[in-house]
2 protein chains.
Amino acid sequence: MSDDRGEATPGRRGGRGARERILRAADRLFYAEGINATGMERLTDVAQVSKRTFYQHFPSKNALVEEYLHRLDTIAAPPRERALARADLLPRDRLLALFADDPPAPTDPADPAGPADPAVGGRRLRGCPFHNAAVETAGTVPAVERAVIRHKAAFTRLLAETAQAAGAPDPAALGRQLAVLFEGATALATSLNDPAPLADARAAAAALIDTALTRPRRAG
Amino acid sequence: MSDDRGEATPGRRGGRGARERILRAADRLFYAEGINATGMERLTDVAQVSKRTFYQHFPSKNALVEEYLHRLDTIAAPPRERALARADLLPRDRLLALFADDPPAPTDPADPAGPADPAVGGRRLRGCPFHNAAVETAGTVPAVERAVIRHKAAFTRLLAETAQAAGAPDPAALGRQLAVLFEGATALATSLNDPAPLADARAAAAALIDTALTRPRRAG
DNA sequence: GTCAAGGTAGACCGGTCGTTGTACTTCTGT
DNA sequence: ACAGAAGTACAACGACCGGTCTACCTTGAC
């Protein structure tokens, strides 16, 4: 937050960007291999940063975890959630696109992180990074818990707004139900390491949406 | 599995049951605090067992994890899942009882495992132990992954059977959808540390069930 | 009483964790 | 050219990890 020395002087190339590499490595490793399972050795190795440099940018590993989560829902939304922002779809289709099983990001050409990506290799499904962080920390890190709650609330709110745009009589309720469905599809796909639940969730979502749009309103 | 020395000689008191205490401690700690977060020191301390004794019963911590998961879905089903077996309810109500938010076990008098339960103390929501194990191990322990898949498949099958008993035209599809809903309610409740999503899931389940029972059949 | 079986406590092992320290090497702006 | 920031390599710290070991106690059959 306070050591952004390159921000005010546009002429500089921004140093050598150790911090950015660290955050990129955290993005990959914390998500793919787990937060606890990722040691500092491996993290600094992947980030191509010495441990000393790491601790000049972050006071602790936990601080990096918090920044990792913070970036996830403020800077770059996961590709799946981005479906809700697609202007080329009707609101109802935006909601359903959440559960599409085709890869949502068709090779963004403006991403310079290319060479770092294919080294991962594993294509194992890993679910929601916020939920994973909550499970891994088991409530022992308040900042993580807060970040998770904030993200889930924002996502549910976004669903509710889209539900409202679709004309749902009780958009908040439909948004919450779709949030549960999405969470379940993600979690179950992770547990089974199989994306099949997404299709079931999509069918269920369609039924819920159509029911909500057809009938006037129901009591919870 | 193979060292049950007390089984053939009924005259003996069966030792002091170290193995059982170990498994009970694993039940509590692995679930409430996480598998990785639970060290052997703490585990043997809670089980009131010396480390030496532990390693006479289990070859490794991982072996205990596997046995812990194996017991969970063969010996004692979690209280919530037990709702599906209640004979006093109609099939449809059994499905909905899964999502009830009142404590499901009204002090079963025939359960000798009573004193172990309330000692947990922490009331933090922790979700599905199988899913948590899958997240914590991140696919690095094949036996865990197999146990998780087996459990989820059995649970989905049970849901489908109940859906069939309720008269659903495509019970397998409805079972899978309800499985996603349940997983989502559990996961979201964990992330938020708030049981509210269960109510949303219940409403969604009711809608899905009624839709399935009313309309003839839908394509996935 | 003896003795093996099964239990206990807890020091100890090598390894890894997150973290810090020492000493050295780039790069960059003036 | 030079100051100094930013980076590097790498040894080491204390703490804890899963796991092993020694030494002693308790029980029950003979």
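Below, read A as the first sequence line, B as the second, and so on, with proteins coming before strands; counting in each chain starts at 1.
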With heavy atoms under 4.0 Å as the rule, sort B:T44 into base, sugar-phosphate or nothing.
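Nothing, no heavy atom under 4.0 Å.
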Protein-nucleotide distance ([X], atom [atom1]; [N], atom [atom2]), rounded to Å:
X	N	atom1	atom2	answer
A:M40	C:dG15	CE	P	22 Å
A:Q56	C:dT20	CD	P	12 Å
B:E136	D:dC17	CD	C1'	15 Å
A:N36	D:dC16	CG	P	16 Å
B:E33	D:dC17	CD	P	12 Å
B:E41	C:dT16	CD	P	20 Å
A:E20	D:dA6	CD	P	16 Å
B:F54	C:dA9	CZ	P	15 Å

Hey, can you tell me if A:F155 and A:F182 have their rings parallel, tilted or perpendicular (30° and 60° cut-offs)?
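Geometry flag for A:F182 against A:F155: tilted rings.
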Given C:dG7, D:dG7, D:dT8, which nucleotide is nearest the side-chain atoms of A:H57?
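Nearest to the side chain of A:H57 among the choices is D:dG7.
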Can you tell which of C:dT8, C:dT22, D:dG19 lies closest to the side chain of B:K51?
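Between C:dT8, C:dT22, D:dG19, the one nearest the side chain of B:K51 would be D:dG19.
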A:R21 side chain to A:Q48 backbone, donor-acceptor under 3.5 Å
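Yes, the answer is positive, given that a donor and an acceptor are paired below the 3.5 Å cut-off.
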Counting only distance, no hydrogens or angles, is the base of C:dG21 paired donor-acceptor with the side chain of A:R52 under 3.5 Å?
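Donor-acceptor pair under 3.5 Å: yes.
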Would you say B:T137 and B:T140 are linked by a side-chain donor-acceptor pair, where the criterion is simply a distance under 3.5 Å?
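The answer is no; no qualifying pair exists.
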For B:T53 and for A:Y55, find the nucleotide of DNA chain C with the closest heavy atom, then tell me which residue's nucleotide is more 5'.
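With B:T53 and A:Y55 compared, the 5'-side residue is B:T53.
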is_close_aromatic(A:H151, A:H70), centroid dist under 6.0 Å:
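No - the distance between ring centres of A:H151 and A:H70 does not fall below the 6.0 Å cut-off.
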